[in-house]
Participant: 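The structure follows.
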Number of protein chains: 2
Amino acid sequence: MKEMDCVSFCRALGDETRQDILQLLQTRGEMRVNDIVAAFGRSSQPTISHHLKVLKQESLVTSRRAGKEILYALNQNNVEECCGMLWAKFAEGKAGLSSPANRLAEHGPNARS
Amino acid sequence: MKEMDCVSFCRALGDETRQDILQLLQTRGEMRVNDIVAAFGRSSQPTISHHLKVLKQESLVTSRRAGKEILYALNQNNVEECCGMLWAKFAEGKAGLSSPANRLAEHGPNARS
DNA sequence: CAATCACATAGAGGAATTTCAATACGTCGA
DNA sequence: TCGACGTATTGAAATTCCTCTATGTGATTG
């Protein structure tokens with residue numbers, strides 16, 4: 001399961017196409033490479049394949065062979081763990097002012113806008 | 001307050017020196033540029049200045065003039081908001097399996113290891 | 001005002017990244 | 001086994017990024 005590194009995680013997310021791939025896999029579930037390519041239309045198959053490789057190196061996606069095809073899926077657990085790592089690194093500075101849970105409520109994902 | 005973009009936020013964090021600067025500012029609070037340079041020892045002053053510019057463009061740090069010096073500080077609110085944005089984008093996929101709050105408890109910042 | 005201090009900006013070299021066309025590899029069906 | 005299909009890899013061009021030295025800018029001091 002690859003050692004986790006905030007920097008390389010962010011680097012992997014620092015590309016629009018890769019973020020779009022992750023989001024696509026999140027909403028559609030397991031997908032074939034060609035279907036991902038088709039869903040974008042803007043990038044060649046080798047380009048998508050390269051991005052998938054980067055994402056896989058960070059364990060953000062998984063892949064399995066199914067006959068001729070290879071199916072990619074979001075590695076939800078690891079994605080969430082990495083996001084949590086980021087949060088832990090940069091958002092738990094002023095402990096005592098508010099608990100992490102409180103800060104999540106204030107600025108986090110389920111904050112009431 | 002700059003429009004927020006997951007990709008450029010991650011790109012800003014996709015560099016070790018920049019992550020180190022943020023962490024330094026988090027633990028030490030407001031700092032002069034030269035003190036940041038000194039704290040690293042490994043990077044030139046213009047290099048640090050460049051990274052600070054990148055971080056400021058993403059509103060991850062603030063700066064104010066104090067005489068000859070310029071003081072940089074972590075923009076805690078925005079950092080947390082961006083982390084929350086990331087979480088919201090990639091960690092709230094399978095709604096229904098567990099609530100966002102539950103997933104935070106399972107994999108999030110304050111998860112028991 | 002001149003010198004100095006603290007920092008920003010300009011410019012350049014080199015490394016890394018993104019992307020594509022071409023090609024190689026692995027699998028299945030005939 | 002041969003051809004076709006789906007995907008990975010290679011190699012190269014274009015762009016972006018990181019870092020440095022050199023220099024510019026703004027503020028203080030003498």
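All chains are named by letter (A, B, ...) in the order of the sequence lines, taking the proteins before the strands, and each is independently numbered beginning at 1.
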Participant: I'd like to know if B:I70 and B:L55 are part of one continuous hydrophobic network [Ile/Leu/Val/Met/Phe/Trp/Tyr, side-chain heavy atoms within less than 4.5 Å].
Facilitator: yes
Participant: When the distance from CG of B:D15 to C1' of C:dA16 is rounded to whole Å, what number comes out?
Facilitator: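 The answer, rounded to whole Å, is 12 Å.
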Participant: Quickly work out the A:K68 NZ to D:dA4 P distance and round it to whole Å.
Facilitator: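 About 12 Å, once rounded to whole Å.
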Participant: Confirm from the modelled atom types if B:Q45 and C:dA8 form a donor-acceptor pair under 3.5 Å, side chain to base only.
Facilitator: yes
Participant: Measure CE/A:M31 against C1'/D:dG6 and give the value in whole Å, please.
Facilitator: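 Rounding to the nearest Å, CE of A:M31 and C1' of D:dG6 are 14 Å apart.
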Participant: Looking at A:S59 and A:N75, what are the two nearest heavy atoms and their distance?
Facilitator: O-ND2, 3.0 Å
Participant: Can you tell me how far P of C:dT18 sits from CZ of B:R11, to the nearest Å?
Facilitator: 7 Å
Participant: Decide whether B:Q26 and A:K89 meet the rule of one side-chain donor and one side-chain acceptor closer than 3.5 Å.
Facilitator: no
Participant: Are a donor atom and an acceptor atom from the side chains of A:Q23 and A:Q19 found within less than 3.5 Å of each other?
Facilitator: no
Participant: Using 4.0 Å as the upper bound for N to carboxylate O, is an ion pair formed by B:R64 and B:E30?
Facilitator: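 Judged by the 4.0 Å cut-off on N to carboxylate O distance, B:E30 and B:R64 do form a salt bridge.
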Participant: Counting only side-chain N and O atoms of B:K53, is one of them less than 4.0 Å from OP1 or OP2 of C:dT9?
Facilitator: yes
Participant: I want to confirm an ordering. Mapping A:G14 and B:V33 to their closest nucleotides on DNA chain C, which one lands closer to the 5' end?
Facilitator: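 By nearest-heavy-atom nucleotide position, the 5'-most residue is B:V33.
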Participant: Report yes if at least one side-chain N or O of A:Y72 is closer than 4.0 Å to OP1 or OP2 of D:dG6; otherwise report no.
Facilitator: no
Participant: Can you tell me if A:N34 touches the phosphate of D:dC5, counting only side-chain N or O atoms and a distance under 4.0 Å to OP1 or OP2?
Facilitator: no
Participant: Which nucleotide wins on minimum distance to the side chain of A:T47, given the candidates D:dC20, D:dA27, C:dT19?
Facilitator: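 Per side-chain heavy atoms of A:T47, the pick is C:dT19.
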Participant: If each of B:L71 and A:S43 is mapped to the nucleotide of DNA chain C with the nearest heavy atom, which maps nearer the 5' terminus, i.e. the 5' end?
Facilitator: B:L71
Participant: Please state how far atom CD1 in B:I70 lies from atom C1' in D:dG26, giving the value in whole angstrom units.
Facilitator: 9 Å
Participant: Taking 4.0 Å as the cut-off, does a side-chain nitrogen or oxygen of B:S44 come that near to OP1 or OP2 on D:dC20?
Facilitator: yes
Participant: If you pin B:G67 and B:R18 to their nearest nucleotides in DNA chain D, which one's is more 5'?
Facilitator: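 Mapping each residue to its closest nucleotide by heavy atoms, the 5'-most match is B:R18.
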Participant: Give a yes/no on whether any side-chain N or O of A:H50 is located under 4.0 angstrom from OP1 or OP2 of C:dC20.
Facilitator: no
Participant: Given D:dA8, is OP1 or OP2 found less than 4.0 Å from the side-chain N or O atoms of A:S49?
Facilitator: yes
Participant: May I have the distance from B:Q57 (atom CD) to C:dA8 (atom C1'), rounded to whole angstrom?
Facilitator: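 Answer to the nearest Å: 13 Å.
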Participant: To the nearest angstrom, how far is B:R65 atom CZ from D:dT28 atom C1'?
Facilitator: 11 Å
Participant: Taking CD1 from A:I48 and P from D:dT9, how many angstroms apart are they, rounded to a whole number?
Facilitator: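 Whole-Å distance recorded here is 15 Å.
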